[in-house]
Amino acid sequence: MALDELKSAIPDYAKDLRLNLGSVIGNSDLPQQQLWGTVLACAIASRSPKVLRELEPEAKANLKPEAYQAAKSAAAIMAMNNVFYRTRHLLSDPEYGTLRAGLRMNVIGNPGVEKVDFELWSLAVSAINGCGQCLDSHEQVLRKAGVERETIQEAVKIASVIQAVGVTIDSEAVMAGE
């Protein structure tokens with residue numbers, strides 16, 4: 001199992017991450033599509049080759065093809081949106097917030113899966129990328145759709161653990177001269 005390979009690559013000083021990785025994926029209450037879509041989108045967003053190599057095959061095996069594509073789409077579109085909207089939010093000139101974005105985001109309107117799943121994946125990626133405006137926007141859509149706070153927090157926990165695992169493993173590789 002790829003998850004076991006990934007856990008074994010986590011150094012002992014980060015034992016909590018090893019335990020959390022097993023917990024947030026292995027003991028998740030999320031439905032399989034939400035879980036593995038979140039895992040895949042976050043593995044992509046983590047930018048860690050090792051994390052993506054280990055988690056992608058398992059995600060692909062647990063997702064229907066349209067969900068697999070949609071999770072990748074969520075990671076891709078949020079890579080753009082998180083930079084754009086975070087920048088507009090951080091600029092002190094409020095006029096930027098009134099300007100038309102002029103960026104194509106068609107996949108958000110028609111992701112090929114249930115809107116709630118795509119929104120959850122987008123929220124998780126936004127957590128990794130640190131865009132407060134996107135986090136608020138996706139959280140509001142999810143809450144209006146009846147998604148419980150616990151479900152949203154579960155996706156954020158997955159995002160935080162996958163990101164931390166990626167940072168730790170990639171840092172160890174650099175320090176080892178790989």
**OP:** Might you work through the side-chain contact (heavy atoms from CB on, under 4.5 Å) test for Trp121 and Leu40, ending with a clear yes or no?
**Re:** CA-CA 9 Å; Trp121 304 335; Leu40 178 58; over 6 Å; no
**OP:** Assess whether side-chain contact (heavy atoms from CB on, under 4.5 Å) is satisfied between Glu178 and Glu172, documenting all intermediate values.
**Re:** CA-CA 9 Å; Glu178 296 174 15; Glu172 283 296 309; over 6 Å; no
Subject >> Ser28 and Glu154: CA distance, side-chain angles, deciding distance, side-chain contact (heavy atoms from CB on, under 4.5 Å) verdict >> reply: CA-CA 8 Å; Ser28 177; Glu154 184 117 4; 2.8 Å; yes
Original post:
Are Leu6 and Lys50 close enough, and set up right, to give a side-chain contact (heavy atoms from CB on, under 4.5 Å), and what steps lead you there?
Top reply: CA-CA 8 Å; Leu6 192 55; Lys50 173 80 171 167; 4.1 Å; yes
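Taken to the nearest 0.5 Å, the CD atom of Glu148 stands 12.5 Å off from the CG atom of Asp29. With rounding to the nearest 0.5 angstrom, the CD atom of Gln33 is 11.0 Å from the CG atom of Leu120. The structure places CD of Gln153 at 6.0 Å from NZ of Lys157, a figure rounded to the nearest 0.5 Å. In this structure, Lys15 NZ and Lys7 NZ are separated by 12.5 Å, a value rounded to the nearest 0.5 Å. Asn110 contributes atom CG, which lies 10.0 Å from atom CZ of Phe118 (distance to the nearest 0.5 angstrom). In this structure, Asn81 CG and Arg86 CZ are separated by 11.5 Å, a value rounded to the nearest 0.5 Å.
In this structure, the side chain of Arg18 does not engage the main chain of Ala9 through any donor-acceptor pair within 3.5 Å. Of the possible donor and acceptor atoms, one in the side chain of Ser46 sits under 3.5 Å from a partner among the backbone N and O of Ala43. No donor-acceptor distance shorter than 3.5 angstrom exists from the side chain of Trp36 to the backbone of Lys60, with no hydrogens or angles considered. Although no hydrogens or angles enter the test, the distance criterion places no donor-acceptor pair under 3.5 Å between the side chain of Thr151 and the main chain of Val147. A side-chain donor-acceptor contact under 3.5 Å links Thr168 to the backbone of Ala164.
Of all heavy-atom pairs between Asn129 and Ala45, the closest is OD1-O, 4.5 Å. The shortest non-hydrogen separation linking Ile108 to Pro111 is O-CD, 3.7 Å. When all heavy atoms of Asp170 and Ser48 are compared, the closest pair comes out as OD1-OG, 3.0 Å. Shown here for Leu135 and Ala127, the closest heavy-atom pair between the two residues is CD2-N, 3.6 Å. Arg143 and Ile152 get closest at one heavy-atom pair: CD-CD1, 3.7 Å. Closest heavy-atom contact between Val116 and Leu142: O-CD2, 3.5 Å.
A single hydrophobic cluster is seen to contain both Leu103 and Tyr85, as judged by linkage of ILVMFWY side chains at heavy-atom distances under 4.5 Å, directly or through other members. Residue Leu55 is grouped with residue Leu17 when hydrophobic side chains (ILVMFWY) are merged at heavy-atom distances under 4.5 angstrom, including chains of intermediate members. Residue Leu52 is grouped with residue Ile10 when hydrophobic side chains (ILVMFWY) are merged at heavy-atom distances under 4.5 angstrom, including chains of intermediate members. When the side chains of ILVMFWY residues are joined at heavy-atom separations under 4.5 Å, either directly or via intervening members, Ile158 and Leu19 end up in two distinct hydrophobic clusters. Taken together through direct or relayed side-chain contacts under 4.5 Å among Ile, Leu, Val, Met, Phe, Trp and Tyr, Val167 and Leu21 form parts of separate hydrophobic clusters.
For residues 100-126, the pairs satisfying salt bridge (Lys or Arg N to Asp or Glu O under 4.0 Å) are Lys115-Glu119, with sequence neighbours left out.
For the pair His138 and Ser126, the minimum side-chain heavy-atom distance is below 4.5 Å.
Side-chain contact annotation: Glu56 with Tyr68, donor-acceptor N/O pair under 3.5 Å present.
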